[in-house]
Amino acid sequence: MALQTITWMSAFLCLAQVCSMPMPCQLQGQLVRITHNLLRDMGGHFPLECLQENVFMAFPATAFATSGAPQLSSSGAKAIYETLKNIDTLFGADDLPTKWDQRKLENFQNIVYRQIEESKCMMGSVDTSDYLIRAEGLNTYFGNIATVLKEKNFSFCAWEVVRKELLFTLQFILEHNSDSLLWSNRT
């Protein structure tokens, strides 16, 4: 009986130790890649009928700058987090295109939301020394995107412009800030 009690106590203590281990507070690279691919695949190529609606929006590359460090600073990681929050806000509209693959659109929205929820912990570890400059660039960029949507009455072509911009943004993050993302089984 005593041996059985000790065995159960040992198992319980091991389980408690494993469950209490801190989880890394990083955005998951694989989810960012899946988000990009869903956004790319939900609508295909930029439609020819929308070429006249296409507008230039200056991309805030400095918001994601690493300043030579191998890992993105905490304020740079927060810039990626804020980007996902802005994407979530844009796609919270009721006037989403019905021409897009609705299953992929729903999966896209769910994964963006999941990334935001799972990465809230990074909010406490932000290096604010350069984040204000990053935030200003992001606010301007996403403000311009939201303005295009509103000015064009949330039309299909306006959404295609948004999709094109967000694809560029996610691709930029994957290519230039990949080291700041958590990758499982990366080869």
Side-chain angles (χ1 to χ4, degrees), residues 26-29 31-43 46-47 50-51 53-67 72-97 100 104-178 180-181:
Q26 280 185 288
L27 291 160
Q28 295 184 42
L31 290 179
V32 174
R33 182 179 312 285
I34 291 169
T35 301
H36 171 273
N37 293 345
L38 284 167
L39 185 62
R40 179 194 65 209
D41 298 342
M42 75 175 68
F46 192 83
C50 296
L51 284 177
E53 305 275 338
N54 198 6
V55 294
F56 172 78
M57 287 183 242
F59 176 73
T62 56
F64 304 101
T66 60
S67 66
L72 191 63
S73 70
S74 63
S75 60
K78 185 170 187 268
I80 296 172
Y81 175 81
E82 289 294 332
T83 297
L84 292 170
K85 283 180 56 179
N86 278 294
I87 291 172
D88 186 55
T89 299
L90 287 170
F91 279 82
D94 292 331
D95 300 328
L96 296 171
W100 288 349
K104 289 179 181 175
L105 175 59
E106 186 176 328
N107 288 342
F108 169 82
Q109 290 174 298
N110 289 336
I111 292 172
V112 168
Y113 179 78
R114 174 181 168 193
Q115 290 176 91
I116 293 167
E117 288 301 307
E118 290 178 358
S119 303
K120 282 183 177 177
C121 54
M122 73 174 45
M123 300 301 286
S125 62
V126 174
D127 172 16
T128 58
S129 63
D130 66 344
Y131 181 70
L132 293 177
I133 296 167
R134 295 173 190 264
E136 184 178 320
L138 287 171
N139 289 338
T140 301
Y141 181 63
F142 282 101
N144 290 341
I145 290 174
T147 299
V148 166
L149 272 174
K150 289 174 189 164
E151 286 177 354
K152 298 186 183 293
N153 296 317
F154 297 88
S155 69
F156 171 71
C157 286
W159 275 110
E160 283 295 329
V161 170
V162 169
R163 191 171 70 91
K164 174 192 65 96
E165 288 297 321
L166 297 181
L167 278 169
F168 181 82
T169 301
L170 292 170
Q171 187 65 38
F172 185 90
I173 290 168
L174 288 167
E175 288 178 4
H176 298 280
N177 302 113
S178 181
S180 69
L181 301 170

Over 12 non-hydrogen atoms of neighbours within 6.0 angstrom of CD in Gln171: yes

Distance (rounded to the nearest 0.5 Å) between [X] [atom1] and [Y] [atom2]:
X	Y	atom1	atom2	result
Thr62	Leu138	OG1	CG	8.5 Å
Gln115	Ile80	CD	CD1	10.0 Å
Lys152	Cys50	NZ	SG	10.0 Å
Met42	Glu106	CE	CD	11.0 Å
Ile116	Thr83	CD1	OG1	10.0 Å
Asp41	Ile34	CG	CD1	11.5 Å

A side-chain contact here means heavy atoms from C-beta on lying under 4.5 Å apart; do [X] and [Y] qualify?
X	Y	answer
Met57	Val161	yes
Lys120	Tyr81	yes
Phe59	Phe64	yes
His36	Leu166	no
Leu84	Asp88	no
Val162	Phe142	no
Arg134	Glu82	no

If you take all heavy atoms of [X] and [Y], which pair is closest and at what distance?
X	Y	result
Thr35	Leu31	OG1-O, 2.7 Å
Asp95	Phe154	CB-CB, 3.6 Å
Leu174	Gly29	CD2-O, 4.1 Å
Ala79	Ala63	CB-O, 3.3 Å

Stepwise side-chain contact (heavy atoms from CB on, under 4.5 Å) check, Phe91 with Leu39: CA-CA 11 Å; Phe91 279 82; Leu39 185 62; 4.1 Å; yes

For residues [X] and [Y], is any side-chain donor paired with an opposing acceptor at under 3.5 Å?
X	Y	answer
Glu165	Tyr141	yes
Gln28	Glu118	yes
Ser155	Glu53	no

Under the salt bridge (charged side-chain N to carboxylate O under 4.0 Å, His left out) test, residues paired with Lys150 that sit two or more places apart: none

Partner of Leu38 under side-chain contact (heavy atoms from CB on, under 4.5 Å), chosen from Val112, Asn107, Leu105: Asn107

Ion pair Arg163/Glu160, N-O distance below 4.0 Å: yes

Test side-chain contact (heavy atoms from CB on, under 4.5 Å) applied to Arg33 and Leu170, step by step: CA-CA 8 Å; Arg33 182 179 312 285; Leu170 292 170; over 6 Å; no

Ring centres under 6.0 angstrom apart (Trp100, Phe108):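 Trp100 vs Phe108: aromatic centres not under 6.0 Å.
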
